[in-house]
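Only one structure is covered here, and it is reproduced in the block below.
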Amino acid sequence: MDAMDRSRRAPIAGSKTAATEAPLSSAGTASEAGGAVDDRPSRPGASLGSDFLQLDIADAPPGGRTAWLADRLRSAIADGRLPVGSRLPASRVLAEELRVTRGVVTEAYRRLSEAGQIAGRGRGGTVVVAAPAPPASPSAPPATSSASGRPSSPPAAEHRASNSRTPAPVFAALFTSPHRDGVVDALRGLSCRIDLSPGVPDLAAFPRTAWLRAERAVLAAATPADFGYGSPQGAPALRGAVAGWLARNRGIRADPDEVVVVAGVAQALGLLGQLLRADGVDRVAVEDPGSLGARQQLEYGGHTTVPVPVDTGGLDVGALRDCGARAVLTTPAHQFPTGVVLDGDRRRDLLRWAAEGGVVIEDDYDAEHRYDRPPVPALRSLLPDGVCYAGSVSKLLAPALRVGWLLVPPHLRDALVTAKRYADLGNGVLPQLVLARLMDSGELERHLRHVRRRHRGRRDVMLRAVEAHLPGARVHGAAAGLHLMVTFDGELGSHVRDTELAAAALARGVKAHPLSWHRLTPGPPGLVLGYAAGAAHEIEEGIALIGEALRALPTAA
């Protein structure tokens, strides 16, 4: 087995720095960040270069060989010289050809592995598994309206290398367009070197082996009927597994018949929107700040969204009563993006509001990912007949699965299943059966424990980096979740526009969300920074580049 395969399985200590997020195999123990191994001499007479990609170690800067090699491999994948399926040389072979220690190669491979671009295949070696999307042309025509009258997504900005200092105005339209439908997807689609976007778990940690094992078991036991159309409500096996998962992890006691399987929380909101409109509800209260994507999902369905302020106690239920909306979308266990928890008094007040006829839509966002605080029970566990509860595996496993669940009060269930039937006839059956097996076997809990350790370590790296490179920034929501919110208060906040800062960071190769994207009313400027999906060295470098962008803004000088 290649050394990279062993190094990918090494545990990651939560308190390590960016240079030591995960130990390498015994064959190589550090990158140039550690200082010692990059320039250690190799045996005399070895080749000065490699035929593979015509790599010449003489091109690498002193003390920067790992970064140089990782960049050369990343570029070859991006431009097609290493297409998906290509096999990389064994780390021992490439190290010998380049006259570097094996640790330089294994660390470079690991960086690409954690970015999801390469993966170990046992005896099959290390292969390319994903290539970045090609950047859009900067001369793309301006966005035009679609047939529905809604503006299309703004054109994607051209990716620049990290050492480029392209003026931020090149990216300004992406962040400041008044018609922001699809703007999150537009940013997500950009090819960028460091991605600190929120809402993405550690995709490199996806339990491929466990998934394949469960998939083989499902296929071996599947009957011909399992390959047909399933119930639009969801496969009974998954509904039962979800009911067990919610009982164990969220304090919700539900019968499997109460569970409706959906294509993520986005579809849950779309289906609930149909039910609300049928009941005459066309105004939905939303948290402010709150998720831009969730808000747009409701607005696309024809609802007017009404902002309700969020403070250190969570959603202001008094303001909710005053706004007159009959329904509210809330993230009470881990509010997006502030990270606060709905406190006890407001929780009780919100449940009274629901018992009086209000509709609570509970998006159980990020609830499983907590580090420095006790678990918080779901609202649904306290008022089963008054709360519509939505969850998914997007933050547990991967958004690509598009699997979630929705629980509604009994009087809405038949209408919900009917709406799901006409939306898509139900989710794919086979992935549901595989996920059910992971849940029932305990593999999903094991995976959650594993990624919690990794996420916590990366959070700690980001906290240290913010302290070092963004002096004056205030950090929110560090106790749980997959992101931090930082705000710029006082004198600095009065001179900084977060959209300009995000554009300047993107010009330096770093993606982040401006906080104002997620606001409906004015508030302090800030950024929403995801830490779960990136390696520690990327997090530290990305925050340093944001700090550089902040200092370079004319208004912050």
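Computed from a predicted structure; not experimentally measured.
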For Gln297, give me all partners under side chain to side chain contact (heavy atoms under 4.5 Å, CB included), at least two apart in sequence or on another chain. Ala266, Leu269

Apply ring-ring contact (aromatic ring centres under 6.0 Å, His included) to His513 and list each qualifying residue two or more places apart in sequence or on a separate chain. Trp517, His518

The criterion is side chain to side chain contact (heavy atoms under 4.5 Å, CB included); which residues satisfy it with Ala237, sequence neighbours excluded? Leu433, Ala436

Is a donor on one side and an acceptor on the other found under 3.5 Å between the side chain of Glu538 and the backbone of Ala535? yes

Please collect all salt bridge (Lys or Arg N to Asp or Glu O under 4.0 Å) contacts where either partner lies in residues 76-85, sequence neighbours excluded, each pair once. Asp79-Arg81

Under the ring-ring contact (aromatic ring centres under 6.0 Å, His included) test, residues paired with His447 that sit two or more places apart: none

According to salt bridge (Lys or Arg N to Asp or Glu O under 4.0 Å), who are the partners of Arg437, at least two apart in sequence or on a separate chain? none

Taking atom CZ of Arg402 as the centre, does the number of heavy atoms from other residues, nucleotides or ligands within less than 6.0 Å exceed 12? yes

Sorted by chain and residue number, the side chain to side chain contact (heavy atoms under 4.5 Å, CB included) partners of Glu368 (sequence neighbours excluded) come out as Trp245, Leu396, Leu448

Regarding Ser91 and Arg102, do their side chains bring together a donor and an acceptor under 3.5 Å, going by distance alone? yes

Ion pair Asp366/Lys395, N-O distance below 4.0 Å: no

Could you tell me which residues satisfy ring-ring contact (aromatic ring centres under 6.0 Å, His included) with His483, sequence neighbours excluded, listed by chain and number? His334, Phe336

Could you tell me whether the side chain of Val393 reaches within less than 4.5 Å of the side chain of Trp405, counting heavy atoms only? yes

Salt bridge (Lys or Arg N to Asp or Glu O under 4.0 Å) filter on Arg446, not counting sequence neighbours, yields Glu443

For residues 182-204, which residue pairs qualify under ring-ring contact (aromatic ring centres under 6.0 Å, His included), counting only residues two or more places apart or in two chains? none

Would Asp498 and Ser516 count as having a side-chain donor-acceptor pair, cut-off 3.5 Å? yes

For Ala479, give me all partners under side chain to side chain contact (heavy atoms under 4.5 Å, CB included), at least two apart in sequence or on another chain. Asp372, Arg373

According to salt bridge (Lys or Arg N to Asp or Glu O under 4.0 Å), who are the partners of Glu445, at least two apart in sequence or on a separate chain? Arg248

Find the distance between CZ (Arg458) and NE2 (His455) and round it off to the nearest 0.5 Å. 7.0 Å

